[in-house]
Amino acid sequence: MKCPKCGHDNPSDTLFCEECDWRLDVPYRPPKKRNPLAFALVSLVVGAAALALAFLDGTEIVGLVLGAIGVLLGSYSINVPRLLNSENKTLCVSLAGIGLILSMIGFILGLIAVVGA
Ligand SMILES: [Zn+2]
């Protein structure tokens, strides 16, 4: 019996795939493809916006919030391509890394401005 997950040809009396341990009577649905590059780009944009807003007068609080979002998005974008082993892994991780750093600086600058004001 052919495994619905990995395609391995198993003897007909087996219930679990010899190759990947998938239950052979359960149809396999591949996980939804996420686009890690889009996430990385968004975290980069959010990070840059956070940094810019943290510098501007009166928008430090927005920079602070955006910075926090950017840090979350950035760390997510770094982990997703690593887990998915996507083809644009290096690019995604670099973009998300820059976004993460920008967000952190934006967050810290925003925090200093808000606390100091
Ligand atoms: Zn299998």
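Each ligand, and each atom within it, is numbered from 1 in the order the structure gives. No experiment lies behind these values; they were computed from the predicted model shown.
- In this structure, the side chains of W22 and C6 stay at 4.5 Å or more apart for every pair of heavy atoms.
- Counting heavy atoms from C-beta outward, E60 and L109 have side chains that stay 4.5 Å or more apart.
- For the Zn ion (ligand 1), protein N, O or S atoms closer than 2.8 Å were enumerated as C3 SG, C6 SG, C17 SG, C20 SG, with waters left out.
- Using a 4.5 Å heavy-atom threshold, the side chains of L100 and V71 count as touching.
- Residues satisfying the ring pair (Phe, Tyr, Trp, His ring centres under 6.0 Å) test with F16, not counting sequence neighbours, are none.
- Among V45, V46, L73, the one residue that satisfies the side-chain contact (heavy atoms from CB on, under 4.5 Å) test with L66 is V46.
- L53 has its side chain out of reach of V65: every pair of non-hydrogen atoms, C-beta onward, lies at least 4.5 Å apart.
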